[in-house]
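This report concerns only the one structure given below.
All residue numbers in this chain count up from 1 along the given sequence.
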Amino acid sequence: MQDEMAARVAADGFIAALDQSGGSSPGALRLYGIPSSAYDGEAEMFALIHAMRVRIMTSPAFTGAKVLGAILFEGTMDGTAAGRPVPAFLWEERGIVPFLKVDKGLAPEDDGVNVMKPMPDLDALLDRAVRLGVYGTKMRSVISAPSERGIAAVVEQQFAIADRIAAHGLMPIIEPEVSITSVDKPGAEAILLADLARRLDALPAARQVMLKLTLPDVSDLYMPLTHHPRVARVVALSGGYARDEACAKLALNHGVIASFSRALSEGLTVDMGEGAFDATLASAIDAIYTASVEKH
């Protein structure tokens with residue numbers, strides 16, 4: 001199964017990011033038409049966000065024809081869709097490769113970056129992911145300034161945890177997000193590119209990772225990484241850009257595919273009828289797929 005999933009990850013398509021956590025779920029629900037006054041506490045909030053994700057995953061528009069993978073929040077991985085465990089539903093029913101968000105959020109900003117909080121239960125979580133048929137993982141840090149020391153700390157932490165993830169037989173997605181509001185986004189991206197290349201060069205010959213990166217200000221900045229022998233795929237996060245802008249930027253970056261969250265669910269609302277919901281989602285999937293694979 002892992003070989004089949006690896007082949008799907010290498011083919012045409014994009015990755016849907018359905019991994020909103022406790023910090024980002026209220027905003028996602030608000031855009032979906034559910035205000036914070038509609039639920040009481042975290043349990044109700046997560047139940048609503050799970051229902052939103054399941055509605056997306058079970059839509060006839062959401063198939064492996066154009067969506068090659070989906071990144072899941074831990075609660076989504078442990079939940080069900082159409083009466084089946086979510087990872088099994090995605091792969092066996094839709095042909096979509098399941099990934100899992102494993103980070104526990106961000107530490108306070110220091111030296112222009114937010115490294116990840118400690119993950120004391122990481123190994124147990126990875127064991128559970130393997131049992132449920134997950135292919136890989138994702139973990140996010142944030143870079144807000146062109147700080148050489150801060151960016152080096154982000155990259156070192158990401159690769160150290162990726163080593164632990166790979167030891168479980170899972171594919172790590174390394175996500176050092178450069179904030180689109182950074183005071184010097186191009187400067188931060190140039191430092192990040194150099195640090196990533198250096199760390200990739202040091203990986204063992206048999207090891208590969210995936211990279212999830214902010215759409216860069218300089219088009220094709222990350223093209224050298226798309227050809228690196230230690231990189232399985234380079235995917236782009238939408239980072240707060242609206243779908244049209246994110247797709248336009250993505251189309252200028254050859255070898256990079258989308259891994260969009262807000263840009264995927266843009267326009268979807270809880271009160272939509274199924275026909276309108278499915279048509280809106282299909283339109284979003286078509287636009288993101290085109291920007292991911294049809295580059296000239």
Side-chain angles (χ1 to χ4, degrees), residues 6 9-10 14-15 17 69 71 99 101-103 106-107 109-116 119 136-167 170-239 241 246 249-250 252-260 292 295:
V9 168
F14 71 93
I15 297 175
I71 303 172
F99 293 83
K101 167 188 162 70
V102 296
D103 69 82
L106 302 171
E109 183 175 324
D110 181 43
D111 208 356
V113 304
N114 299 88
V115 298
M116 295 176 286
M119 306 176 206
T137 65
K138 189 214 82 163
M139 50 194 173
R140 172 177 171 263
S141 313
V142 172
I143 297 166
S144 300
S147 163
E148 291 189 1
R149 192 180 74 169
I151 293 172
V154 162
V155 171
E156 288 306 311
Q157 184 192 38
Q158 284 274 348
F159 276 84
I161 296 174
D163 287 344
R164 294 174 60 188
I165 291 164
L170 295 164
M171 170 65 73
I173 301 179
I174 288 169
E175 184 184 10
E177 175 182 346
V178 177
S179 172
I180 65 172
T181 62
S182 169
V183 293
D184 182 5
K185 184 168 175 279
E189 289 169 338
I191 296 169
L192 177 62
L193 173 62
D195 277 4
L196 288 173
R198 173 185 54 79
R199 197 60 180 78
L200 288 165
D201 289 343
L203 284 178
R207 180 79 55 78
Q208 281 195 317
V209 299
M210 295 172 63
L211 301 173
K212 183 168 178 176
L213 305 171
T214 306
L215 290 159
D217 279 20
V218 177
S219 299
D220 281 336
L221 177 71
Y222 296 121
M223 185 180 285
L225 303 182
T226 69
H227 299 299
H228 197 288
R230 305 293 172 264
V231 176
R233 282 315 289 254
V234 177
V235 305
L237 57 104
S238 50
Y241 293 122
K249 289 178 176 291
L250 178 62
L252 299 175
N253 287 276
H254 297 77
V256 179
I257 63 172
S259 177
F260 290 173
S292 292
K295 306 202 177 141

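Smallest separation of non-hydrogen atoms from Leu215 and Tyr241: CD1-CD1, 4.3 Å. In plain terms, the two heavy atoms of Ile151 and Ala145 that are nearest each other are CD1-O, 3.9 Å. Looking at every heavy atom in both residues, Ile191 comes nearest to Pro146 through CD1-O, 3.4 Å. Residue Met116 comes nearest to Met139 through the heavy atom pair SD-CB, 3.5 Å, listed as atom of the first residue, atom of the second, then distance. Residues Val178 and Ala188 share a closest heavy-atom pair of CG1-CB, 4.1 Å. Minimum heavy-atom separation, Asn114 to Glu109: ND2-N, 3.1 Å.
Side-chain contact between Leu196 and Phe159: present, with at least one pair of heavy atoms (C-beta onward) separated by less than 4.5 Å. Taking 4.5 Å as the limit, every side-chain heavy atom of Tyr222 sits out of range of all side-chain heavy atoms of Leu211. Proximity of Ile15 to Met210: side-chain heavy atoms (C-beta onward) are separated by under 4.5 Å at one or more points. Residues Leu213 and Leu221 have side chains not in contact (no heavy-atom distance under 4.5 Å, counting atoms from C-beta outward). Taking the side chain as every heavy atom from C-beta outward, Thr214 and Lys185 approach each other to under 4.5 Å.
Not a single side chain to side chain donor-acceptor pair (under 3.5 Å) links Ser144 to another residue, sequence neighbours left out. Remark: Asp111 pairs with Arg149 by the salt bridge (charged side-chain N to carboxylate O under 4.0 Å, His left out) rule, at least two apart or across chains.
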Table please: side-chain donor-acceptor pairs of residues 200-208 below 3.5 Å, with sequence neighbours left out.
unit_1 : atom_1 : unit_2 : atom_2 : d
Asp201 : OD1    : His228 : NE2    : 2.7
Arg207 : NH1    : Asp163 : OD1    : 2.8
Gln208 : NE2    : Pro229 : O      : 3.0

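Atom CD1 of residue Ile180 and atom NZ of residue Lys249 lie 8.5 Å apart, to the nearest 0.5 angstrom. The line from OG of Ser141 to CD of Gln157 is 5.5 Å long, rounded to the nearest 0.5 Å. Between the CD atom of Glu175 and the NZ atom of Lys101 there is a distance of 8.0 Å, given to the nearest 0.5 Å. Atoms CE and CD1, on Met119 and Ile165 in that order, are 7.0 Å from each other to the nearest 0.5 Å. To the nearest 0.5 Å, the span separating CZ on Arg164 from OG1 on Thr137 amounts to 11.0 Å. The CD atom of Gln158 sits 11.0 Å away from the CD1 atom of Ile173 when rounded to the nearest 0.5 Å.
Listed for the Glu189 side chain is a donor-acceptor partner under 3.5 Å among the backbone atoms of Asp217. Not a single donor-acceptor pair under 3.5 Å links the side chain of Asn253 to the backbone N or O of Ser219. Listed for the Ser182 side chain is a donor-acceptor partner under 3.5 Å among the backbone atoms of Asp184. When atom types are taken as modelled, the side chain of Arg233 and the backbone of Val9 share a donor-acceptor pair closer than 3.5 angstrom. A donor-acceptor pair is defined here as one N or O able to donate and one able to accept, closer than 3.5 Å; such a pair exists between the side chain of Lys212 and the backbone of Ser259.
More than 12 non-hydrogen atoms from other residues, nucleotides or ligands lie less than 6.0 angstrom from CD of Glu156.
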>> Apply side-chain contact (heavy atoms from CB on, under 4.5 Å) to residues Leu106 and Arg140 and explain how you reach the verdict.
In response: CA-CA 8 Å; Leu106 302 171; Arg140 172 177 171 263; 3.7 Å; yes
